[in-house]
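Owing to the predicted nature of the structure, the values given are computational and were not obtained by experimental measurement.
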Amino acid sequence: MTKLSSRLQKISDLVEENHTFIDIGCDHGFLSIELAKKYPNAKIVASDINENALKNAKDNIQKFHLQDRISIIQSNGLENLSILDDTTIIISGMGSHTIVGILYQGYKKLKKVNTLILQSNNDLDFLRSKVVRLGYFIQEEKLVKDAGIIYTVIVFKKGFRIYSKKDIYLGPCLRKEKSSLFQEKVQDDLKKMESFYPNIPKSHYEYRRKIKWKIKMLQKIIVGKNEEKSKN
């Protein structure tokens with residue numbers, strides 16, 4: 001039996017029962033397999049642009065005798081995919097710019113997509129802002145630590161909400177929840193930004209200003225947490 005990584009398990013935990021699931025960038029197909037076992041009446045599509053990844057996914061799907069439940073489609077993002085009503089799209093293990101590119105290139109196909117479950121490895125504020133502009137709001141956000149790396153999984157739902165700049169950067173759900181993993185992520189992000197900020201050319205004024213603002217936000221969170229500890 002295949003055991004999911006902590007990252008993929010967290011994604012699976014956030015998936016609600018639905019009519020159709022499309023796993024874009026399915027890699028070995030383990031998430032698609034888990035969803036097929038979890039929701040026996042759902043239609044599952046495992047998609048990837050890479051032929052070797054699809055071969056691995058096909059082999060694994062056959063091992064679990066799920067070839068009649070999971071369709072395997074080679075596609076560049078949403079390009080070759082047919083979207084049915086009540087579809088959930090899952091994209092994980094990619095950078096935010098790649099994910100946003102996939103969604104914007106296939107935005108006409110998103111009309112029937114009520115739920116997006118996205119897990120990016122970087123630039124989460126960019127991801128949040130761009131997906132919100134496509135007509136989605138952030139329903140849920142969860143952090144998970146896998147092999148020493150903290151990952152963020154975001155569930156977007158069709159609809160409209162207004163977010164502050166701080167919400168977009170820190171995550172509206174994460175900053176309210178203030179979990180221990182969130183505190184750890186804040187400290188890790190602050191260390192990275194403080195280390196590379198001095199190396200940003202002074203001629204890049206806008207970029208320097210943006211990073212400086214982020215550093216201040218992260219510092220405030222850490223100071224606030226330390227103040228809470230001292231009171232207790």
Connected via hydrophobic side-chain network under 4.5 Å: [X] and [Y]:
X	Y	value
I154	I11	no
V100	L78	yes
L103	V155	no
I168	L174	no
I83	V131	yes

Just wondering, more than 12 heavy atoms not from [X] lying within 6.0 Å of its [atom1]?
X	atom1	answer
K109	NZ	yes
Y107	OH	no
E51	CD	no
K38	NZ	yes

salt_bridge([X], [Y]) N-O dist < 4.0 Å:
X	Y	answer
K157	E140	no
D125	K214	yes
K185	D189	yes

[X] to [Y] - nearest heavy-atom pair and separation:
X	Y	value
A36	R69	O-NH1, 2.8 Å
S120	L127	CB-CD2, 3.9 Å
H28	N60	O-ND2, 2.9 Å
R7	Q119	NH1-OE1, 2.7 Å
N122	G95	OD1-CA, 3.5 Å
K178	R175	CG-O, 3.2 Å

Are [X] and [Y] side-chain neighbours, meaning at least one heavy-atom pair lies under 4.5 Å?
X	Y	value
K112	D86	no
I89	I117	no
V153	L118	no
K166	K220	no
V144	I150	no
R128	I138	yes
L84	H19	yes
I24	I22	yes

Straight-line distance of [X] [atom1] to [Y] [atom2], nearest 0.5 Å:
X	Y	atom1	atom2	answer
M94	I99	CE	CD1	6.5 Å
T88	L116	OG1	CG	8.5 Å
S6	Y151	OG	OH	10.0 Å
L35	K37	CG	NZ	10.5 Å
K165	M217	NZ	CE	8.5 Å
T115	I90	OG1	CD1	9.5 Å

- Query: Taking only residues two or more places apart in sequence, or in another chain, which ones meet E184 in a salt bridge (Lys or Arg N to Asp or Glu O under 4.0 Å)?
  - Reply: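 Salt bridge (Lys or Arg N to Asp or Glu O under 4.0 Å) list for E184, sorted by chain: K145.
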- Query: Does anything in residues 164-219 pair up under ring-ring contact (aromatic ring centres under 6.0 Å, His included), and if so which pairs, sequence neighbours excluded?
  - Reply: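 Non-adjacent pairs meeting ring-ring contact (aromatic ring centres under 6.0 Å, His included): Y169-W213.
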- Task: Indicate whether any N or O donor in one side chain lies under 3.5 Å from an N or O acceptor in the other, for N76 and Q74.
- Result: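 No donor-acceptor contact under 3.5 Å links the two side chains.
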- Item | Side-chain donor-acceptor contact under 3.5 Å, E194 with Q219 |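 Q219 and E194 do have a side-chain donor-acceptor pair below 3.5 Å.
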- Item | Whether K63 side chain and K58 backbone form a donor-acceptor pair below 3.5 Å |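 Side chain of K63 to backbone of K58: no pair is present.
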- Between the side chain of T20 and the main-chain N/O of T87, is any donor-acceptor distance below 3.5 Å?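 Judged by distance alone, no pair lies under 3.5 Å.
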- Do F21 and Y39 make the cut of ring centroids closer than 6.0 angstrom?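 Yes: the rings meet the under 6.0 Å criterion.
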- Task: Quick one: list whatever passes ring-ring contact (aromatic ring centres under 6.0 Å, His included) with F156, sequence neighbours left out.
- Result: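 If we apply the ring-ring contact (aromatic ring centres under 6.0 Å, His included) test to F156, skipping adjacent residues, there are no hits.
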- Can you sort out the partners of H97 under ring-ring contact (aromatic ring centres under 6.0 Å, His included), two or more places apart, ordered by chain and number?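 Partners of H97 under the ring-ring contact (aromatic ring centres under 6.0 Å, His included) test: F126.
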- Under the side chain to side chain donor-acceptor pair (under 3.5 Å) test, which residues partner K55, sequence neighbours left out?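 Applying side chain to side chain donor-acceptor pair (under 3.5 Å) to K55 gives D59.
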Result block: side-chain N/O donor-acceptor pairs under 3.5 angstrom for residues 41-50, not counting sequence neighbours:
| from | atom 1 | to | atom 2 | distance (Å) |
| --- | --- | --- | --- | --- |
| S47 | OG | I73 | O | 3.2 |
| D48 | OD1 | N50 | N | 3.0 |
| D48 | OD2 | C26 | N | 3.3 |
| D48 | OD2 | D27 | N | 3.1 |
| N50 | OD1 | N52 | N | 2.8 |
| N50 | OD1 | A53 | N | 2.9 |

- Show the numbers, then the answer: is there a side chain to side chain contact (heavy atoms under 4.5 Å, CB included) between S180 and Q183? CA-CA 5 Å; S180 58; Q183 299 296 333; 5.6 Å; no
- Would I70 and D23 count as a side chain to side chain contact (heavy atoms under 4.5 Å, CB included) if you check the C-alpha gap in whole Å, the side-chain angles of each, and the deciding distance to 0.1 Å? CA-CA 10 Å; I70 304 173; D23 181 12; over 6 Å; no
